[in-house]
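Read the numbers this way: they start at 1 and go in the same order the structure lists the ligands and their atoms. If you're wondering where the values come from, they're calculated on a predicted model, not measured in any experiment.
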Amino acid sequence: MNILVVGSGGREHAIVWKLAQSPKVEKIYCAPGNAGIAQIAECVPISVMEIEKLAQFAEEQKIDLTFVGPEDPLLGGIVDVFEERGLTVFGPKKNAALIEGSKTFAKDLMKKYNIPTAKYESFDTYEEALTYLRKEGAPIVVKADGLAAGKGVTVALTLEEAEEALRQIMKDEVFGSAGARVVIEEFLQGEEMTLLSFVDGTTVKPMVPSQDHKPVYDEDKGPNTGGMGTYSPVPHMPQSLVEQIIQNIVNPTAEAMVKEGSPFKGILYTGLIITKDGPKVIEYNARFGDPETQVVLPRLDTDLVDILIAGATGELEKLDVQWKKEAAVCVIMASGGYPGPYEKGKEITGLDQVGEEAIVFHAGTELKDGKVVTNGGRVLAVTSIGSTVQEARDKAYQAVQKISFEGAHYRSDIAQKALRA
Ligand code: AMP
Ligand code: GLY
């Protein structure tokens, strides 16, 4: 089988790595890929938004299955275009990807179908939003409506912070048109958890839970990032809680999308906060999480190709998806300055010193004059597997110590919540 993976991050490296283990796979292409992906797949210099070019490539190379990592091409209608051309692809169409692309769409869906989430209002004008903010007071959460690479959200502990965030989104337009509308949300207290699911429209096959670390610094300090590290399983969250999330949140979401006439096919990401009143949704994504994928896929026992094909053809119900008992921990090494501005092109050394203890998924790297250099905010996703979270964590940090590049930073407390609990 020939497979095309679209994307260039640590998530896509993990997806390609997993697909490469399937005996059914002959050749994997990745567009555009990165220096790490290039070691196991053929990278093709087509960017993720060149949808027509990607479709043409898939036709020419007789690609049997395409899988899309990031949200932008999904919202740009890549699945619609591929399906119109009779190409097999597993992912949501444009109208279903809106569950991620518009927070207002997601919030309205949850309200209509009684899916537990934070109380909210959305606004198209600065003045109305400001009045509401002042009425509600802090702590409060201010979110740009559209896509902002995980950075459009401010959890404001004071009213000043909230007003500043609103000003940046609606007046300074720092997220461009993504901030033409804002969602202002009740602050939820509790631990976060991510549950990813394979969904073929009607059948939902949940994956194993994981926990991300969004703020850039230890102890959850500093601004939010796309995610600084993850682990799975989340041992202090009981299976009964996961069952409750599937019954009360994930299944009803898939059913709601069917009823709305835009069935969701693809990877449904539910980001949750476990409050004292039970789990509540803070966000949906229409794709695999990054870096959640890096800890979830190494734990998958079933052939990923079988799952993606079953998903694409609406036959997930027949498939038994199995998981391994081992734990996985992923530590992100980021560029100096991230999530703010950062420089690229820093040489990465020590990669060849990492042995069996870890898999180094490349997130933002590039090959330049034979050297692997930094090419993004999140640079490497160093991932280890162990019989316990503790063991996986120790191995991941051992590997991190061996790698360096100018300005590199990482959180030193990934998975600590699991060990403390
Ligand atoms: P989002 O992009 O909506 O997932 O938000 C990014 C991060 O902001 C989340 O991972 C949470 O840490 C935090 N966050 C979002 N919404 C809320 C909320 N209603 N209450 C508390 N924290 C939140
Ligand atoms: N790690 C969070 C996300 O992928 O959205």
Can you tell me which portion of [X] lies within the under-4.0 Å heavy-atom range of ligand 1? Options are side chain, backbone, both, or neither.
X      : answer
Lys103 : side chain
Leu188 : both
Val141 : side chain

Approximate separation, where rounding is to 0.5 Å, of Asp145 CG and Lys143 NZ:
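Between atom CG of Asp145 and atom NZ of Lys143 there are 11.0 Å.
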State the OH-OG1 distance between Tyr126 and Thr131, to the nearest 0.5 angstrom.
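If we round to the nearest 0.5 Å, Tyr126:OH and Thr131:OG1 are 9.5 Å apart.
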Thinking salt bridges, do [X] and [Y] make one under a 4.0 Å N-O criterion?
X      : Y      : value
Lys214 : Glu283 : yes
Lys93  : Glu83  : yes
Arg287 : Glu100 : yes
Glu185 : Lys107 : yes
Lys402 : Glu357 : yes
Glu163 : Lys171 : no
Arg393 : Asp413 : no
Lys94  : Asp80  : no

Check the angle between the aromatic planes of His362 and His13 and answer parallel, tilted or perpendicular using the 30° and 60° thresholds.
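It falls in the perpendicular class, over 60°.
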Measure up the Phe288 and Phe198 rings against each other and bin them: parallel (under 30°), tilted (30 to 60°), perpendicular (over 60°).
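Correct class here is perpendicular.
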What is the closest protein heavy atom to atom 5 (O) of ligand 2, and at what distance does it sit?
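Nearest neighbour among protein heavy atoms for atom 5 (O) of ligand 2, to 0.1 Å: Arg287 NH2, 2.9 Å.
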Would you call Gly271 a ligand 2 contact, heavy-atom distance under 4.0 Å?
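Checking ligand 2 against Gly271, which is what was asked, there is no heavy-atom contact under 4.0 Å.
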Proximal atoms of ligand 2 relative to [X] (non-hydrogen, under 4.0 Å):
X      : result
Asp212 : 1 (N), 2 (C)
Glu292 : 1 (N), 2 (C), 4 (O)
Pro291 : 1 (N)
Lys214 : 2 (C)
Gly289 : 4 (O)

If you measure every N/O of [X] against every N/O of ligand 2, is any gap under 3.5 Å?
X      : answer
Gly226 : yes
Arg378 : no
Arg11  : no

Go through ligand 1 atom by atom and flag the ones less than 4.0 Å from a non-hydrogen atom of [X].
X      : result
Asn224 : 6 (C), 7 (C), 8 (O)
Lys214 : 4 (O), 9 (C), 10 (O)
Val155 : 8 (O), 13 (C), 14 (N), 22 (N), 23 (C)

Heavy-atom donor-acceptor pair, Asn34 side chain to Glu366 backbone, under 3.5 Å
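A pair under 3.5 Å: no.
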Report the part of [X] in contact with ligand 2, treating N, CA, C, O as backbone and CB onward as side chain, heavy atoms under 4.0 Å; options are side chain, backbone, both, neither.
X      : result
Met228 : neither
Tyr269 : side chain
Thr194 : neither

Identify which of Val183, Asn285, Ile282, Val153 has a heavy atom lying nearest to atom 17 (C) of ligand 1.
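Nearest option to atom 17 (C) of ligand 1, by heavy atoms: Ile282.
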Would you tell me which option among Glu186, Glu185, Glu192, Glu283 has the nearest heavy-atom contact to atom 12 (O) of ligand 1?
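Among Glu186, Glu185, Glu192, Glu283, the closest heavy atom to atom 12 (O) of ligand 1 belongs to Glu192.
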Within-cut-off N or O pair, Ile273 and ligand 1, under 3.5 Å:
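No - when backbone and side-chain N and O of Ile273 are compared with those of ligand 1, no distance drops under 3.5 Å.
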